[in-house]
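So you know, we letter chains A, B, ... as the sequences are listed, proteins then strands, and number each from 1. When reading the values below, keep in mind they use all heavy atoms of this one structure, side chains included, and skip hydrogens, waters and symmetry mates.
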2 protein chains.
Amino acid sequence: MMMEAAPDTPATPRRSDATRAAILEAARERFAADGYERATIRAIARDAGIDPSMVMRYYGNKEGLFAAASEFDLRIPKVGALPAKHIGAVLVAHFLDRWEADEVLTALLRVGVTNAAGAERMRAVFTAQIGPIAAGVCPDPADAPRRAALAASQILGMALARYVLRLPPAAEMPREDVIAWLAPTVQRYLTAEHP
Amino acid sequence: MMMEAAPDTPATPRRSDATRAAILEAARERFAADGYERATIRAIARDAGIDPSMVMRYYGNKEGLFAAASEFDLRIPKVGALPAKHIGAVLVAHFLDRWEADEVLTALLRVGVTNAAGAERMRAVFTAQIGPIAAGVCPDPADAPRRAALAASQILGMALARYVLRLPPAAEMPREDVIAWLAPTVQRYLTAEHP
DNA sequence: CGTTGTTGCCAACAAGCGTTGACCAACAAG
DNA sequence: CTTGTTGGTCAACGCTTGTTGGCAACAACG
């Protein structure tokens, strides 16, 4: 048999958890640096210090590996706790944090541009996580999706210029300046009365 | 010999010009649709109705083909002729036009995200073409690059959401609405007195 | 006519890819 | 000690890729 002593424990510690984690970390790095096609399973396995066949065993195939590596939560603070007047600054600052904390968002953006599954995940993340924010603060909840998309376009555009294309002025701009410039834009997209 | 009758004519018509053009057109479509890695020379040749080896003969290698296929001009109207007060709206409208006219910009964006040469070309295009505009209208010419990068971040972000990720609210938004929302942002990035 | 350069197709190459299955060492349970 | 499970390596498969060189048809020009 293969049952555990406590079937109600959701965490099932396996001896190979360290390997699994190493694979995921290496995969995130490679996907973020190279995109989907050029991030090869062989290279990821080499980075993780194991054999490529282990990746297949643990994640099924390359798509499954990407799905596992790009699973994450934006962790946007809950809607009610946000000061509606400064939601632009809060959102921009939060996204800069999330973008610089790890490489998952960069990987997601790089893959989403050339891979259908990646694009779908990107859409899902942004509509599901910025949408509610917009619905909570914009005047007419009916066009919340549209306002969320506008805010996302500015946030994604800065991420693209700063972290992916590395356009020098955008990449070198201090964090505070980015917030100072972008916050009014996002604020207007989300809360302005009239287009 | 292989000389023409009129050596001063820059246009050197060859019998294979039609083939060359077909290759370039197919390449632009494939690069725009699939990105650099997944756009294979074989598929491009098939679209153009010729043998893959012809692509190599005419463009050297895959990189050369991309360089030729992504060569283009933003054709931004000359700086002096622009009304500084409405430069935001003019720029946004112009970019929407350029983006929808052909597939070159989409190809450039898709490739620039995963390919070093593509990223370099994207940087070159935007710094060289939005930079002068910013220098012509912003209060302090010293931070023109920074303002150009900010404007580029919003324009690129909308293009990403609308044409590449196809985030539904952004993709379906009427052209006039996009201009109405984005123009004030770009205008502020380029001409506002203080951050 | 012959020569020469161009245009094109065909067949192949070496390399790299994702993926698979056989096999082995270590360990836990009986 | 035996037996089954787990973590892992190794060698190979079938396939696609970019790229190359040879060969046939055709045009241009002496």
Side-chain angles (χ1 to χ4, degrees), chain A residues 1-7 11-27 30-31 33-69 111 114-118, chain B residues 1-7 9 11-27 30-31 33-70 111 114-118:
Chain A
M1 299 294 277
M2 56 168 185
M3 287 306 295
E4 308 292 312
T12 309
R14 274 162 304 203
R15 196 152 41 93
S16 62
D17 280 349
T19 303
R20 293 177 130 91
I23 293 176
L24 276 193
E25 187 187 332
R30 286 283 179 176
F31 282 132
D34 298 337
Y36 189 80
E37 335 283 337
R38 291 187 21 203
T40 71
I41 290 192
R42 287 169 145 96
I44 292 169
R46 201 179 320 125
D47 288 0
I50 46 104
D51 191 87
S53 63
M54 300 300 297
V55 179
M56 308 300 297
R57 176 129 74 196
Y58 290 147
Y59 297 99
N61 53 23
K62 194 176 179 180
E63 257 192 67
L65 173 62
F66 172 72
V111 173
T114 36
N115 181 272
Chain B
M1 297 294 277
M2 54 167 187
M3 289 306 294
E4 308 293 311
T9 347
T12 309
R14 275 161 304 201
R15 195 153 42 93
S16 62
D17 278 351
T19 303
R20 293 178 129 92
I23 294 176
L24 276 194
E25 188 188 329
R30 286 284 179 177
F31 281 133
D34 298 338
Y36 189 80
E37 333 284 337
R38 292 189 18 203
T40 71
I41 289 192
R42 287 169 145 96
I44 291 169
R46 200 179 321 123
D47 288 0
I50 47 106
D51 191 87
S53 62
M54 301 299 297
V55 179
M56 308 300 297
R57 185 177 294 172
Y58 290 147
Y59 297 100
N61 54 23
K62 193 175 179 181
E63 255 192 69
L65 173 63
F66 172 72
S70 65
V111 174
T114 35
N115 180 272

Paired to dG30(C) by Watson-Crick or G-U wobble criteria (both distances under 3.5 Å) is dC1(D)
A39(A) and F31(A) have their tightest heavy-atom pair at CB-CD2, 3.6 Å
Kindly check if the number of other-residue, nucleotide or ligand heavy atoms within 6.0 Å of CD (E37(A)) is above 12? yes
The reported gap from NZ in K62(B) to CD1 in I44(B) (rounded to nearest 0.5 angstrom) is 7.0 Å
_Looking at S53(B), I'd like to know whether one of its side-chain N or O atoms comes within less than 4.0 Å of OP1 or OP2 on dC9(C)._
no
Rounded to whole Å, OH of Y58(B) lies from P of dT7(C) at a distance of 4 Å
When rounded to the nearest 0.5 Å, the distance separating OH of Y58(B) from CG of L24(B) is 12.0 Å
Whole-Å distance, R30(B) CZ to dT17(D) P, equals 10 Å
Exercise for review: Check whether any side-chain N or O of Y59(B) sits under 3.5 Å from a backbone N or O of F66(B) as a donor-acceptor pair, and report yes or no.
Suggested key: no
Rounded to whole Å, the CD-P distance (E37(A) to dT16(D)) equals 15 Å
Here the distance between atom P of dA11(D) and atom CG of D51(A), to the nearest Å, is 10 Å
By nearest-nucleotide position on DNA chain D, the 5'-leaning member of Y36(B) and R15(B) is Y36(B)
Worksheet item: Side-chain N or O of S16(B) less than 4.0 angstrom from OP1 or OP2 on dT6(C)?
Response: no
Residue pair R20(B)/N61(A) against DNA chain C: nearer the 5' end by closest nucleotide is R20(B)
Any N or O donor-acceptor pair under 3.5 Å from the base of dG8(C) to the side chain of R57(B)?
yes
To the nearest angstrom, the CD-P distance between E63(B) and dG18(D) comes to 13 Å
note: N115(A), atom CG; dG18(C), atom P; distance rounded to Å ~ 13 Å
Quiz item: Which part of the nucleic acid, if any, lies within reach of T19(B) when heavy atoms closer than 4.0 Å are counted: base, sugar-phosphate only, or nothing?
Solution: sugar-phosphate
Sorted by position of nearest nucleotide on DNA chain D, 5' first, the leading residue of P52(B) and M54(A) is M54(A)
In whole angstroms, the gap separating P of dT20(D) from CZ of R42(B) amounts to 13 Å
M56(B) atom CE is separated from dG18(D) atom P, nearest whole Å, by 9 Å
